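Please read these numbers as outputs of a predicted model, since none were measured by experiment. Throughout, a chain's letter reflects where its sequence line sits, starting with A, and its residues are numbered from 1. For the numbers below, each heavy atom of this structure counts, side chains included, while hydrogens, waters and symmetry mates do not.
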Amino acid sequence: MALKIFNVLGREKQDFQPLTPGRVNMYVCGPTVYDNSHIGHAKTYVNFDMVVRYLRYSGYEVLYVQNITDVGHMLDTGEDRILKKAQQLQAIPMQIVERYARSYYEDMDALGVVRPDISPRASGHIPEQIKMAQTLIDKGHAYVANGSVYFDVTTDDDYGKLSNRRINELEAGSREAVRDEKRNPEDFALWKRAEPEHILRWDSPWGEGFPGWHLECSAMAKKYLGDTFDIHGGGVDNIFPHNESEIAQSECANDAEFARYWMLVGSLTVDGVKMSKSLGNVINIKDALKAYRPEVIRLFMMSAHYSNPVDYSDGALESAAAGWERLYGPVRVARGMLNSAPNTDDGNSFNERLAKAAEDFKAVMDDDFNAPKAVAALQELTREVNTLLNSGTTVGRATLEAIDQTYRTLGGDVLGIIPAADTANSNGQREAGLIELLIDLRKQARKNKNYAESDRIRDELAGLGVVLEDRADGTIWRVS
RNA sequence: GGCGACGUGGCCAAGUGGUAAGGCAAGGCUCUGCAAAAGCCUGAUGCGCCGGUUCAAAUCCGGCCGUCGCCUCCA
């Protein structure tokens with residue numbers, strides 16, 4: 001079955017046909033680095049990470065570009081958010097940008113988000129942006145006004161095709177200062193004249209200024225992916241004006257189709273409402289990671305289809321954590337059993353079930369990356385793996401390895417929710433040894449029917465976050 | 001007001017014409033020295049409401065109600 005993608009441009013599910021067979025050129029709008037990343041960013045980039053991982057699993061060679069916006073943009077107040085932060089922290093803008101770009105990578109790495117192949121920064125592509133603005137002026141799609149350059153939306157008949165907006169229905173921008181400069185209220189800036197106090201500024205044919213917010217994505221996508229490329233992604237909240245303007249600029253400047261498939265991910269709310277600084281309900285990724293392991297956060301982010309919104313709450317995360325424990329349980333058991341598994345073909349008939357799981361998984365992922373359904377396929381498999389591993393019958397090494405491999409590939413490589421191995425830090429070996437010693441002492445106590453002692457060991461360990469589970473073939477432990 | 005998404009068992013959620021996946025929570029049972037984990041069983045005659053099309057609709061059409069997002073910076 002071929003991969004299908006719901007194309008927001010046209011609003012229909014389509015067969016995915018890359019421009020070049022076997023290759024996917026993909027661009028995703030990245031963050032503006034002026035503060036720590038929050039769990040809304042986590043949803044967007046975990047979702048696209050899942051997409052990229054699956055495309056690669058499917059055999060595509062993917063070139064994944066995701067920008068870093070490090071050029072300040074206007075707040076309603078006319079302030080630049082990076083400048084504002086810089087003033088707060090008494091630092092220069094590029095320090096702020098560097099600090100939070102690093103913070104972003106830290107968070108993404110912690111969440112297991114595979115880094116993009118190229119992470120271009122807006123500030124490093126000023127010439128490309130100036131060139132594109134000039135091209136648009138030359139072609140009559142843009143005009144200069146008081147040192148700023150604006151895109152004239154009336155010159156683009158397609159303007160609005162992504163978000164289904166009609167120009168005459170749009171309301172004028174709210175900032176008085178710019179209204180006079182524009183021919184049409186809906187026109188947007190390609191280049192802005194820098195006021196004297198503006199620190200982030202570059203020379204241009206129109207005087208000192210800085211690029212408009214939308215232009216960087218158009219210029220950088222063109223540079224690294226070409227005039228036309230396969231997939232453009234981002235959060236739905238950017239569909240207008242950002243994505244819409246990208247299309248307008250690029251298609252008018254390049255005389256070519258921009259992105260062929262648009263994938264937009266649903267937003268994340270917290271306890272039912274949108275995160276915002278004013279509501280004080282912004283949750284940083286770093287804080288979320290203190291409470292939940294990354295695999296749990298990833299599983300939660302994929303608990304609904306990527307295009308749907310998701311609501312973050314402690315209850316929802318607890319639920320995801322419980323679901324994750326169930327999913328990971330048999331993997332842990334299988335890996336433990338591998339330590340003493342016989343080299344026989346006992347249980348090999350289970351390979352058919354594993355193959356079916358992989359088929360089911362692929363079928364639903366091919367249907368517009370239906371990760372929640374893919375997780376369900378793993379959950380159904382889990383029931384049967386548990387039955388096998390708890391049946392008391394001998395299971396040979398080959399079968400255990402096949403089970404491990406299935407979870408490692410589908411749950412690990414593609415979804416990123418099954419760790420490749422139990423995380424062991426430098427103290428891990430020693431800790432494991434100590435726990436094994438206590439398990440052995442408890443075993444002796446149980447043998448002597450000294451249950452008071454055996455329960456004490458189990459309870460004390462539980463208090464330290466180590467859970468013991470007695471199985472027919474011995475006692476295993478895990479960190480709660 | 002315009003654009004868009006959505007409304008499925010206690011909670012989350014899949015499901016685009018053929019008779020309701022999966023997870024969490026709950027109850028019962030099995031296993032266990034007791035637990036934990038796991039397995040089995042129970043649970044929506046109904047998928048916001050009202051009409052319509054059809055042999056057949058959660059799924060298509062029309063209307064209504066409600067929630068959320070965007071329309072200004074936002075992932």
* Reckon A:His38 touches a base, only the sugar-phosphate, or nothing at all at heavy-atom distances under 4.0 Å? -> base
* d(CD1, A:Ile417; P, B:rG22) in whole Å -> 17 Å
* Could a donor-acceptor pair under 3.5 angstrom be found where the side chain of A:Asp470 meets the base of B:rC31? -> no
* Asked: For B:rG69, which nucleotide is its Watson-Crick or G-U wobble mate, given both distances must be under 3.5 Å?
  -> B:rC3
* Could you tell me which residues satisfy side chain to side chain donor-acceptor pair (under 3.5 Å) with A:Asn450, sequence neighbours excluded, listed by chain and number? => none
* Using the P atoms only, state how far B:rC41 lies from B:rG23, rounded to an integer number of Å. => 12 Å
* Asked: Among the nucleotides B:rC6, B:rA36, B:rU16, which one has an atom lying closest to any side-chain atom of A:Asn308?
  -> B:rC6
* Asked: Which nucleotide, B:rA14, B:rA37, B:rG4, lies nearest any side-chain atom of A:Ala304?
  -> B:rA14
* Mind checking whether A:Asn243 and A:Val8 have side chains closer than 4.5 Å, heavy atoms only? -> no
* **A:Asp368 CG - B:rU16 P separation (whole Å)** => 12 Å
* Asked: Closest to the A:Ala376 side chain: B:rG22, B:rG39, B:rA5?
  -> B:rG22
* Could you tell me the separation between the CG atom of A:Leu264 and the C1' atom of B:rG4, rounded to a whole number of Å? => 11 Å
* To do: Indicate yes or no for a side-chain donor-acceptor contact from A:Trp262 to the backbone of A:Leu162 under 3.5 Å, with no hydrogens or angles considered.
  => no
* Between B:rA37 (P) and A:Ile476 (CD1): distance, integer Å -> 11 Å
* Whole angstrom is fine here: how far is it from CG in A:Leu378 over to C1' in B:rA21? => 14 Å
* At under 4.0 Å between heavy atoms, what does A:Gly30 touch on the DNA or RNA strands: base, sugar-phosphate, or nothing? -> sugar-phosphate
* To do: May I ask you to check whether A:His232 and A:Phe258 place their ring centers less than 6.0 Å from one another?
  => yes
* Taking the side chain as C-beta and beyond, is there a heavy-atom pair between A:Leu9 and A:Tyr261 under 4.5 Å? -> no
* Structure fact -> Separation of B:rA20 atom P from A:Lys373 atom NZ, nearest Å, is 15 Å
* Hey, does the side-chain of A:Arg458 have a donor or acceptor N/O within less than 3.5 Å of a partner on the base of B:rC34? -> yes
* To do: Measure from the side-chain heavy atoms of A:Asn386 and tell me the nearest of B:rA38, B:rG33, B:rC3.
  => B:rA38
* **Rounded distance in Å between the C1' positions of B:rU19 and B:rA25** => 28 Å
* So what does A:Arg442 hit on the nucleic acid, given a heavy-atom distance under 4.0 Å: a base, only sugar-phosphate, or nothing? -> base
* Considering only the P atoms, how many Å lie between B:rU30 and B:rA36, rounded to the nearest integer? -> 14 Å
Under-3.5 Å N/O pairs linking protein and nucleotides 67-70 of chain B:
from	atom 1	to	atom 2	distance (Å)
B:rG69	OP1	A:Lys274	N	3.4
B:rC70	OP1	A:Lys274	NZ	2.5

* Asked: Expressed in whole Å, how much space separates the C1' atoms belonging to B:rG46 and B:rU8?
  -> 9 Å
* Asked: Roughly how far apart, to the nearest Å, are B:rC6 and B:rA13 at atom P?
  -> 12 Å
* B:rC47 and B:rA20, which share atom name P, separated by this distance in whole Å -> 13 Å
* Asked: Does A:Asn67 have any side chain to side chain donor-acceptor pair (under 3.5 Å) partners at least two apart in sequence or in another chain, and if so, which?
  -> A:Tyr27, A:Thr69, A:Glu216
* Asked: With rounding to whole Å, what would you report as the distance between B:rG48 and B:rU42 at their C1' atoms?
  -> 27 Å
* **Presence of donor-acceptor pair under 3.5 Å, side chain of A:Arg446 and base of B:rG33** => yes
* Under the side chain to side chain donor-acceptor pair (under 3.5 Å) test, which residues partner A:Asp35, sequence neighbours left out? -> A:Lys277
* B:rC3 C1' sits how many Å from A:Tyr159 OH, rounded? -> 13 Å
* Asked: Tell me: CG of A:Asn47 to C1' of B:rA5, nearest whole Å?
  -> 15 Å
* To do: Check whether the side chain of A:Asn164 and the base of B:rG2 form a donor-acceptor pair under 3.5 Å.
  => no
* Sugar-phosphate, base or nothing in reach of A:Ala316, heavy atoms under 4.0 Å -> nothing
* Structure fact -> Pairing partner of B:rC40, by Watson-Crick or G-U wobble and under 3.5 Å for both distances, is B:rG28
* Output all residues satisfying side chain to side chain donor-acceptor pair (under 3.5 Å) with A:Glu359, sequence neighbours left out; order by chain, then residue number. => none
* Integer angstrom distance from the C1' of B:rA21 to that of B:rC55 -> 27 Å
* To do: With sequence neighbours left out, write down each residue that passes side chain to side chain contact (heavy atoms under 4.5 Å, CB included) with A:Leu464, or none if nothing qualifies.
  => none
* To do: For the side chain of A:Lys13, starting at C-beta, report the closest nucleotide among B:rU16, B:rA38, B:rA75.
  => B:rU16
